Amino acid sequence: MENTIQHMEIIYGVCSWGLGHATRSLPVIRKLINEKHHVTVISNGRSLEVLKKELGDDIPYVDIPDYPMLVSENTRQFLAKSMVYWPVFIKRIEDGLSELQKILDKKNYDCIISDARYDMYSKKIPSFFISHQMRIMNPLQIQMFERAMERFNMFFFKRYIGVMVPDYQENNLSGDLSHNLKRIDENKIHYVGVLSDFTKRPLKKDIEYLISISGPEPQRSFLEEKLASQVQELEGNVVMTLGKAEKYSIVKKKHLTTYSFVTKELREELLNKAKLVVSRSGYSTIMDVAVVGAKALFIPTPGQIEQEYLSAYHNKLGTFYSVKQDAIDLKSDVKIAAEKTGITRECDVKKTVENILGIIMENT
């Protein structure tokens, strides 16, 4: 791809809700760096640490906190927390914009790319937004609330000259999160294709089950306790990763190998070797599984409405099987999951990255 503008100065902001935004941003950032653009990465927490580890010390990083995630156990709690959440959300956006402006005052930048950070934009610089959440779900999927959230997104999207969705317009992975929109004109959104930092590799499928335990506490520990008590009932080669980076360990017991945590390289290898993946149903995980072509049993994090919706959506499609955390019967659930189709369409991350860069180059 020929670029009309060489060596751009780019700010790339990444949401720190989980690690999915960081990992899916990596192929785009790497491509920009490989094409000799100068990228400044803005993120926070573990997401920022992952980006630093993967991209190295040759590019600048800025730690700017973004807004907290709204998690609730039930509808009443969701409505109560919402009353407190939105003022905090707006304040964090104002703080983030203020910090961003300090950076822009010191140096000239050519564009801003934001992965789901509403506080990363400028009226004076072409700004682009990447998100799979055109519609923000609520526990009861109350239509009025969802329409209000679409209007909320429309209000913010006016600040960006390009809004890109890491999904396909047809035969999609995100369902109503980014499709069947009531207020937002889907013709003005760029459906660019899936984003993942993993690659499909021709490895022997010699792992029956790859069990990946992740997410915020205390639910991560609840899931570990639940699955650890049932995993011995599974037959064949089983690998379990605990998502605990504090202390590295590998424990082998009969047919089960347990890693406290795995590197990106090892996780890619394990995903490609696995016949069936057991994990949370975050959208980035769904894209990862789609790219490597594995089947999956999903267990949504209780209170994370997006994960609960995606689980229900793929259950209905018959692509993946999902079960609630408190209802897991691992031995029988994996058998049901193995009968599902998985994502059968082609998912070409290189093409997605080219689509994203093409939109940016056309508008800067």
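These figures come from a predicted structure and were not determined experimentally.
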Please check: side-chain N/O of [X] versus main-chain N/O of [Y], any donor-acceptor pairing under 3.5 Å?
X: Ser281; Y: Gln307; value: yes
X: Arg117; Y: Ile93; value: no
X: His21; Y: Cys15; value: no
X: Ser47; Y: Ser43; value: no
X: Ser127; Y: Ile112; value: no
X: His255; Y: Leu234; value: yes
X: Thr352; Y: Asp348; value: yes
X: Tyr283; Y: Pro166; value: yes
X: Lys31; Y: Leu357; value: no
X: Glu308; Y: Pro302; value: no

message: Are Leu173 and Tyr309 connected into the same hydrophobic cluster when the rule is that any two of I, L, V, M, F, W, Y join if their side-chain heavy atoms are below 4.5 Å apart?
response: yes
Residues forming a side chain to side chain contact (heavy atoms under 4.5 Å, CB included) with Lys52, sequence neighbours excluded: Leu48, Glu49, Tyr61
message: Restricting to side chain to side chain contact (heavy atoms under 4.5 Å, CB included), what partner residues turn up for Asp95, sequence neighbours left out?
response: Lys91
field: Side-chain cluster (under 4.5 Å, hydrophobic types only) that Leu19 belongs to, other residues
entry: Val50
Would you please say whether a donor-acceptor pair under 3.5 Å links the side chains of [X] and [Y]?
X: His132; Y: Glu306; answer: yes
X: Asp167; Y: Ser174; answer: yes
X: Glu268; Y: Asn272; answer: no
X: Thr301; Y: Gln219; answer: no
X: Ser279; Y: Ser212; answer: no

- line: In short, side chain to side chain donor-acceptor pair (under 3.5 Å) pairs touching residues 224-243 with sequence neighbours left out are Arg220-Glu224
query: Which residue pairs pass the side chain to side chain donor-acceptor pair (under 3.5 Å) test with at least one member in residues 156-166, sequence neighbours excluded?
result: Tyr121-Arg159
Salt-bridge criterion met for [X] and [Y] (N-O under 4.0 Å):
X: Lys107; Y: Glu9; answer: yes
X: Lys204; Y: Asp206; answer: no
X: Glu346; Y: Lys351; answer: no

List the residues meeting salt bridge (Lys or Arg N to Asp or Glu O under 4.0 Å) with [X], not counting sequence neighbours, and say none if there are none.
X: Glu362; answer: none
X: Lys102; answer: Glu99
X: Glu269; answer: Lys273
X: Asp115; answer: Arg24

- line: In short, salt bridge (charged side-chain N to carboxylate O under 4.0 Å, His left out) pairs touching residues 277-288 with sequence neighbours left out are none
- prompt: Pick from Thr364, Asp110, Ile29, Leu32: which one makes a side chain to side chain contact (heavy atoms under 4.5 Å, CB included) with Ile10?
  reply: Leu32
query: Looking at side-chain heavy atoms only, is the closest gap between Thr199 and Val292 below 4.5 Å?
result: no
- prompt: Does any non-hydrogen side-chain atom of Ile211 lie less than 4.5 Å from one of Ile213?
  reply: yes
- request: Evaluate the ring planes of Phe157 and Phe129, with Trp represented by its six-membered ring, and classify them as parallel (under 30°), tilted (30 to 60°) or perpendicular (over 60°).
  value: tilted
message: Other residues, nucleotides and ligands only: do more than 12 of their heavy atoms fall within 6.0 Å of CZ on Arg46?
response: no
message: Is the distance between the ring centroids of Phe156 and Tyr118 under 6.0 Å?
response: yes
Distance-only donor-acceptor hits, side chain of residues 333-341, under 3.5 Å, sequence neighbours excluded:
from: Asp333; atom 1: OD2; to: Asp329; atom 2: N; distance (Å): 2.8
from: Thr341; atom 1: OG1; to: Gly318; atom 2: O; distance (Å): 3.4

task: Return the set of residues passing ring pair (Phe, Tyr, Trp, His ring centres under 6.0 Å) with Phe320 (not counting sequence neighbours), or none when no residue passes.
output: Phe298, His314
query: Can you tell me how far OG1 of Thr40 sits from CD1 of Ile103, rounded to the nearest 0.5 angstrom?
result: 7.5 Å
